[in-house]
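Down below is the structure, laid out as structure tokens.
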Amino acid sequence: MNIEEIPEEINIHRRIYGKDSIEVDYDSVGQCPFCNSRIDEFNFCACGGNLGIS
């Protein structure tokens with residue numbers, strides 16, 4: 001299923017963050033010091049922690 005095929009009424013990521021998951025920027029913040037995953041533009045990483053990075 002392509003992202004274009006997801007109906008708006010069930011596209012939770014777009015509803016919460018205003019964009020599709022494939023549009024999230026991971027390149028501007030860096031890596032999480034705890035789990036080594038990429039931190040996204042919303043300051044969250046794969047371990048679920050909000051590092052409070054601005």
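- We find the OG-CD1 distance between Ser21 and Ile12 to be 12.5 Å, quoted to the nearest 0.5 Å.
- The CZ atom of Arg38 sits 7.5 Å away from atom CG of Asp27, with the distance rounded to the nearest 0.5 Å.
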Going through the checks in order, is the side-chain contact (heavy atoms from CB on, under 4.5 Å) test met by Val24 and Lys19? CA-CA 7 Å; Val24 177; Lys19 58 173 62 180; 4.3 Å; yes

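- At distances below 3.5 Å, not a single donor-acceptor pair connects side-chain atoms of Gln31 with backbone N or O atoms of Ser37.
- A salt bridge is defined here as a Lys NZ or Arg NE, NH1 or NH2 lying under 4.0 Å from an Asp or Glu carboxylate O, and Glu9 with Arg14 fails to meet this definition.
- Summarising the geometry, atom CG belonging to Asp40 is positioned 7.5 Å from atom OH belonging to Tyr17; distances are rounded to the nearest 0.5 Å.
- The line from CG of Asn11 to CD1 of Ile16 is 9.5 Å long, rounded to the nearest 0.5 Å.
- The closest donor-acceptor contact from the side chain of Asp20 to the backbone of Ile22 lies at 3.5 Å or more, if one exists at all.
- Between Cys45 and Ile39, the closest heavy-atom pair is CB-CG1, 4.2 Å.
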